There are 2 protein chains.
Amino acid sequence: MSTLPHPRLDELDLAQVLAALGDETRLAIVGTLAANDDDAMTCSQFLHLGSKTGLSYHLAKLREAGLVNVQPEGTKRLISLRRADLDERFPGFLASIIACRPKKPA
Amino acid sequence: MSTLPHPRLDELDLAQVLAALGDETRLAIVGTLAANDDDAMTCSQFLHLGSKTGLSYHLAKLREAGLVNVQPEGTKRLISLRRADLDERFPGFLASIIACRPKKPA
DNA sequence: TGCCTTGTTCAATGAATGTTGAACAATTGA
DNA sequence: TCAATTGTTCAACATTCATTGAACAAGGCA
């Protein structure tokens with residue numbers, strides 16, 4: 001699966017999840033993943049949100065909180081929302097978060 | 001209404017709300033208010049969660065984020081969840097948060 | 001092999017956070 | 001008036017957080 005440490009479903013902690021999302025940059029990352037139809041994205045696709053180093057930091061936070069899955073693929077990392085896990089552990093939560101983010105017009 | 005500053009409905013910021021809830025103590029405060037049927041409570045009713053000073057700090061955070069309303073009443077402060085406001089601004093959010101908190105058995 | 005791309009690690013820094021105890025303010029009630 | 005109750009404010013402190021740049025790894029590809 002993945003070489004990087006990810007919390008298991010039963011290890012997800014609500015306060016940690018909320019803290020991870022309590023940052024504009026990380027909230028934007030999650031919002032972008034959702035707006036991208038939950039398709040996997042690479043770090044470089046978020047460069048408009050901050051520096052390379054900063055993104056590495058924020059993505060690690062999101063991964064450690066259990067919000068995203070990070071899967072190495074060649075020199076890239078495929079980042080995807082853990083939508084199913086989050087929906088199971090915190091039903092309705094992710095949807096309510098995403099619903100009140102400003103949507104990008106088509 | 002109240003002498004303490006509260007953000008207006010249109011001023012509620014999702015990231016700030018999430019950050020405010022990203023702390024075990026504050027999450028417990030909100031959970032307790034919800035478990036108490038959204039009835040107003042006083043600071044002293046949360047003393048089991050921390051020191052007097054600490055609670056004052058955390059309750060200010062919750063108030064500034066727009067999660068609770070604090071209304072002076074004599075020497076006490078009546079603290080209540082801004083349920084209606086939160087439901088309007090972030091539909092489904094509060095419910096999803098509260099649903100996955102462990103409930104106290106009756 | 002060598003170079004480019006992608007992303008991480010490290011150390012440093014400044015800002016924000018959470019906790020504590022002492023002192024203070026405001027109201028209530030004897 | 002005096003004392004008790006309820007909370008806030010303040011300064012101090014240690015911790016964590018977010019950001020930066022330089023250096024480093026690991027693959028891809030010529």
Side-chain angles (χ1 to χ4, degrees), chain A residues 1-6 13-33 36 39-80, chain B residues 1-6 13-33 36 39-80:
Chain A
M1 283 298 173
S2 72
T3 106
L4 295 117
H6 290 75
D13 177 68
L14 180 55
Q16 188 180 1
V17 166
L18 291 166
L21 290 173
D23 174 277
E24 297 287 2
T25 301
R26 293 192 292 262
L27 195 51
I29 291 174
V30 168
T32 303
L33 283 166
N36 202 41
D39 286 340
M41 300 180 70
T42 64
C43 297
S44 55
Q45 292 183 272
F46 298 103
L47 278 179
H48 58 105
L49 294 175
S51 69
K52 203 168 51 157
T53 310
L55 286 175
S56 190
Y57 169 77
H58 287 303
L59 285 168
K61 283 268 180 191
L62 290 173
R63 174 178 51 77
E64 289 159 9
L67 280 158
V68 303
N69 192 287
V70 182
Q71 180 183 353
E73 196 77 21
T75 112
K76 307 186 178 181
R77 307 290 159 101
L78 294 185
I79 296 141
S80 53
Chain B
M1 284 299 171
S2 72
T3 106
L4 295 117
H6 290 76
D13 177 68
L14 179 56
Q16 189 180 0
V17 166
L18 291 166
L21 290 173
D23 174 277
E24 297 286 2
T25 300
R26 294 191 294 260
L27 195 50
I29 291 173
V30 169
T32 302
L33 283 166
N36 202 40
D39 285 342
M41 300 179 70
T42 63
C43 297
S44 56
Q45 293 183 271
F46 298 104
L47 278 178
H48 59 104
L49 294 175
S51 69
K52 205 170 50 159
T53 310
L55 286 175
S56 189
Y57 169 76
H58 287 304
L59 285 168
K61 282 269 180 187
L62 289 172
R63 174 179 50 79
E64 288 160 10
L67 281 157
V68 303
N69 193 286
V70 181
Q71 182 184 352
E73 195 76 22
T75 110
K76 309 186 178 183
R77 307 291 159 102
L78 295 185
I79 297 142
S80 54

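Numbers restart at 1 for each chain; the letters A, B, ... are given by sequence-line order, proteins then strands. This one's a predicted model, so the numbers in the text were calculated from it and none came from an experiment.
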From [atom1] of [X] over to [atom2] of [N], roughly how many Å is that when rounded to an integer?
X: A:K76; N: C:dC4; atom1: NZ; atom2: P; result: 17 Å
X: B:L47; N: D:dT6; atom1: CG; atom2: C1'; result: 10 Å
X: B:L4; N: D:dT8; atom1: CG; atom2: C1'; result: 10 Å
X: B:E24; N: C:dT17; atom1: CD; atom2: P; result: 17 Å
X: B:Q71; N: D:dT8; atom1: CD; atom2: P; result: 14 Å
X: A:L55; N: D:dG21; atom1: CG; atom2: C1'; result: 15 Å
X: B:I29; N: D:dG7; atom1: CD1; atom2: C1'; result: 14 Å
X: B:D23; N: C:dG18; atom1: CG; atom2: C1'; result: 8 Å

When you measure from the side-chain N and O atoms of [X] to the phosphate of [N], is any distance below 4.0 Å, counting only OP1 and OP2?
X: B:R26; N: C:dG18; answer: yes
X: A:S44; N: C:dG7; answer: yes
X: B:T25; N: C:dG18; answer: no

Options [options], nucleotide nearest the side-chain atoms of [X]:
X: B:T75; options: C:dT28, C:dT6, D:dT8; value: C:dT28
X: B:K61; options: D:dT9, C:dT8, C:dG18; value: C:dG18
X: B:Y57; options: C:dT19, C:dT8, D:dT6; value: C:dT19
X: A:T53; options: C:dG7, D:dT9, D:dG21; value: D:dG21
X: A:H58; options: D:dT9, D:dT19, C:dT19; value: D:dT19
X: B:C43; options: C:dT9, D:dG7, D:dA18; value: D:dG7

Discussion item. When you compare the side chain of A:V68 with that of A:M41, does any pair of heavy atoms fall below 4.5 Å?
Written reply: no
Discussion item. Please tell me whether A:S44 and A:T42 have a donor and an acceptor in their side chains that are separated by less than 3.5 angstrom.
Written reply: yes
Worksheet item: When rounded to the nearest 0.5 angstrom, what distance separates CG in A:L55 from CD1 in A:I29?
Response: 5.5 Å
Worksheet item: Considering heavy-atom distances to DNA chain D, does A:G74 or B:K52 have its closest nucleotide positioned more toward the 5' end?
Response: B:K52
Worksheet, complete the sentence: Contacts of B:L59 and A:A19 projected onto DNA chain D by closest heavy atom; the upstream (5') one is B:L59
Practice prompt. May I ask you to decide if B:P5's main-chain N or O and B:R63's side chain share a donor-acceptor pair within less than 3.5 Å?
Written response: yes
Worksheet item: Which of these, A:L59, A:L78, A:V70, sits in a side-chain contact (heavy atoms from CB on, under 4.5 Å) with A:C43?
Response: A:L59
